[in-house]
Amino acid sequence: MAAVFAACATEPTLKEAYKNNFLIGVAVNTNQIFEHDQRGVPIIKSQFNSLSPENVLKWGPIHPHPGPDGYNFGPADRYVEFGESNHMTLVGHTLVWHSQTPQWVFLADDGTNTVDRDTLLQRMHDHIQTVVGRYRGRIKYWDVVNEALAEDGTLRKSRWLKIIGEDYIAKAFEYAHEADPNAVLRYNDFSLENPLKRNGAVELVKKLQAQGVPIHAVGLQCHAKLDWPTAEQESDTIDAFAKLGLKVAITELDIDTSASSQQNRSADISLNGQDQTNAVKPAAQLGINLNTNRLPDSVQQVLAQRYAELFGAFLKHRDAVTLVTFWGVTDGDSWLNRGRRNHPLLFDRNGQPKPAFDAVIKAAEEFHGSK
Ligand code: GLA
């Protein structure tokens with residue numbers, strides 16, 4: 001418990017340091033929502049003022065079976081209660097996505113053939129009406145459509161696109177607006193820092209705006225690497241959407257520290273060499289104990305520097321940026337621990353703040369000091 005206490009007692013907290021700029025959110029898992037995670041929950045309550053659900057509001061978990069009885073609201077209800085009882089701004093993630101959506105959604109009632117356009121639109125409408133409607137006035141931000149673009153900026157050839165056609169995106173926003181007219185509706189995607197994909201998103205938003213579709217914000221997932229995106233790319237990306245009159249949220253922030261995932265973008269080869277054990281191999285095969293392996297100090301410093309420069313870009317655009325959400329509480333919670341250990345967040349596996357935590361706090365202090 002001493003470790004937990006130390007992390008909670010850290011002053012100033014993230015939400016305090018950024019209170020004049022934007023909300024600081026975190027994605028929570030089921031153990032945290034039900035307050036079973038005694039290491040994570042005190043950190044969540046003390047450091048953050050917004051929550052996103054890692055999984056419980058995705059179509060698969062909340063609506064696993066067809067029909068009005070096919071919903072499983074328990075964990076999502078608890079998520080909303082947990083956030084409200086801690087006075088946090090809540091995010092709904094996500095309504096329409098190509099992934100984590102059950103097969104039945106795309107199949108006709110015979111269970112074999114592909115569903116037709118009108119039926120799929122009806123299912124989408126029912127789902128959005130039911131889920132958004134249930135939490136109307138309580139969940140403020142909704143990721144209405146997630147990841148509709150391919151890397152070249154064209155529309156991803158998802159089943160939503162193939163069955164309904166291009167207007168599935170506009171319809172999803174209209175249905176969400178109908179279900180909660182006061183909710184802030186976001187389009188959410190990754191790698192929008194890359195110009196081709198960003199241009200595709202800008203064109204998509206312009207098209208939706210020209211049609212009068214209620215889209216209010218863009219979510220930049222920002223699953224970053226040690227060498228990507230640069231602060232300038234991040235800044236240009238935020239600017240591109242702010243110029244369209246949209247608010248911007250950083251929705252899934254983490255920085256992957258595994259050498260293998262840097263995709264040779266890093267010019268610093270020695271950095272990769274320092275962390276050999278991060279290669280993609282099953283951790284068990286390497287005899288790695290995911291709970292105790294530490295990130296080398298030199299890489300800790302690189303990570304801290306990366307967080308500082310990204311927060312510099314967010315602060316620069318604080319008029320457009322409403323919320324910055326980390327995708328997980330501690331390194332041990334991160335989705336990036338897939339067969340390898342990873343160290344992408346501000347708190348280590350013991351719930352201790354890392355040098356990156358200090359760097360994020362310092363970025364706010366320096367920014368305000370320079371004003
Ligand atoms: C995407 C989704 C998130 C999550 C991550 C990986 O970014 O938007 O909900 O699934 O992938 O965890």
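Given the structure is predicted, the values throughout are model-derived calculations rather than measurements. Residue numbers run from 1 in the order of the sequence given.
For residues 171-185, every residue pair satisfying the side chain to side chain donor-acceptor pair (under 3.5 Å) rule, not counting sequence neighbours, is listed here: His125-Glu178.
With sequence neighbours excluded, no residue satisfies salt bridge (charged side-chain N to carboxylate O under 4.0 Å, His left out) with Glu232. Applying the salt bridge (charged side-chain N to carboxylate O under 4.0 Å, His left out) rule to Lys197 yields the partners Glu151, Asp189; only residues at least two apart in sequence or on another chain are considered. Legend: residues meeting ring pair (Phe, Tyr, Trp, His ring centres under 6.0 Å) with Tyr135, ordered by chain and number and at least two apart, are absent. Residues satisfying the side-chain contact (heavy atoms from CB on, under 4.5 Å) test with Ala176, not counting sequence neighbours, are Leu95, Ile128, Val144, Leu185. Under the rule for a ring pair (Phe, Tyr, Trp, His ring centres under 6.0 Å), the partners of His63 that lie at least two apart in sequence or sit in another chain are Trp59, Tyr71, Trp104, His127.
Nearest approach of Trp142 to Ala183, heavy atoms of both residues: CD1-CB, 4.0 Å.
Put simply, the side chain of Asn194 never gets that close to the backbone of Leu196: no donor and acceptor are under 3.5 Å apart. Under a 3.5 Å cut-off, the side chain of Asp236 and the backbone N or O of Gln233 do not form any donor-acceptor pair. Between the side chain of Arg186 and the backbone N or O of Ala217 there is no donor-acceptor pair closer than 3.5 Å. Remark: side-chain polar atoms of Arg39 are not paired, donor with acceptor, to backbone N or O of Asn350 under 3.5 angstrom.
Classified by interplanar angle (parallel below 30°, tilted 30° to 60°, perpendicular above 60°), the ring pair Tyr307/Phe326 is tilted. Between Phe48 and Phe347, the ring planes lie perpendicular to each other; the angle is over 60°, past the 30° to 60° tilted range.
Defined by atom type and a distance below 3.5 Å, a donor-acceptor pair is present between the side-chain atoms of Gln122 and Asp126. At a cut-off of 3.5 Å, with distance as the only test, no side-chain donor of Asn146 or Asp143 sits close to an acceptor on the other residue. Under the 3.5 Å distance criterion, with hydrogens and angles disregarded, a donor-acceptor pair is assigned to the side chains of Thr330 and Asp333.
Using a 4.0 Å cut-off between charged nitrogen and carboxylate oxygen, Lys316 and Glu234 do not count as a salt-bridge pair. Salt bridge Asp348/Arg341: absent, no basic N to carboxylate O contact under 4.0 Å. A salt bridge is defined here as a Lys NZ or Arg NE, NH1 or NH2 lying under 4.0 Å from an Asp or Glu carboxylate O, and Lys19 with Glu16 meets this definition. Using a cutoff of 4.0 Å between basic side-chain nitrogens and carboxylate oxygens, Arg117 and Asp167 are scored as salt-bridged.
Here the options are Val202, Asn199, Leu220, the test is side chain to side chain contact (heavy atoms under 4.5 Å, CB included), and the partner is Leu192; only Leu220 passes.
For CG of Asn113, the number of neighbouring non-hydrogen atoms (other residues, nucleotides, ligands) closer than 6.0 Å is greater than 12.
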